[in-house]
Number of protein chains: 2
Amino acid sequence: MKTKAVFYHAGCPVCVAAEQTVANALDPARYDVEIVHLGEDKTRLADAEAAGIQSVPALVMDGGVFHINFGAGIDALR
Amino acid sequence: MKTKAVFYHAGCPVCVAAEQTVANALDPARYDVEIVHLGEDKTRLADAEAAGIQSVPALVMDGGVFHINFGAGIDALR
């Protein structure tokens, strides 16, 4: 049974670096990684905010929110 | 050939959460993850600063620095 991990981003350079490195480095045997572009899919903003995301890029996994560097504040994506 | 990833922390709760979740989730088939406690091993501070780390926890991999949330500033560890 794999655990779901969701990587939220907004297409910014900081986001792309985090996606290509950290998100892609997660163990595929243990994690199903979903990539969500909040700039293109505003319907996911509520989920992201409910999870506690304050900025992107961020990874939500195992019940925690892990903001990775700083690309853009969530306020800028509304 | 595995890639080396170095996870720098200082034993703080934010650090522990990031280590147990993100650092431990990296694919062991592709990454050798070294865990460095900067509070206990001051000799590694120079490496961390040279890599561009400004706060812990942080992951250095594939030539990039990925600060994960914010536990402590590097200045507080000198």
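Below, read A as the first sequence line, B as the second, and so on, with proteins coming before strands; counting in each chain starts at 1.
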Are [X] and [Y] grouped together when hydrophobic residues (ILVMFWY) are joined by side-chain heavy atoms under 4.5 angstrom apart?
| X | Y | result |
| --- | --- | --- |
| Ile53(A) | Val33(A) | no |
| Val36(A) | Leu59(A) | no |
| Met61(B) | Val6(B) | no |

### Query
Should the heavy atoms of other residues, nucleotides or ligands under 6.0 Å from NZ of Lys4(A) be counted, would the total exceed 12?
no
Contact between [X] and [Y] at the side-chain level, heavy atoms closer than 4.5 Å - yes or no?
| X | Y | answer |
| --- | --- | --- |
| Thr3(B) | Asp32(B) | no |
| Glu49(B) | Ile74(B) | yes |
| Phe7(A) | Val56(A) | no |

### Message
I need the His37(B) NE2 to Arg44(B) CZ distance, nearest 0.5 Å.
### Response
13.5 Å
#### Entry: Atom of Ala29(A), atom of Lys2(A) and distance for their closest heavy-atom approach
O-CG, 3.8 Å
### Message
At under 4.5 Å between heavy atoms, what parts of residues 64-71 of chain B are in contact with chain A? List them by residue number.
### Response
Val65(B), Phe66(B), His67(B), Ile68(B), Asn69(B)
### Summary
Against chain B, residues from residues 8-26 of chain A with at least one heavy atom under 4.5 Å, in numeric order, are Ala17(A), Ala18(A), Thr21(A), Val22(A), Asn24(A), Ala25(A), Leu26(A)
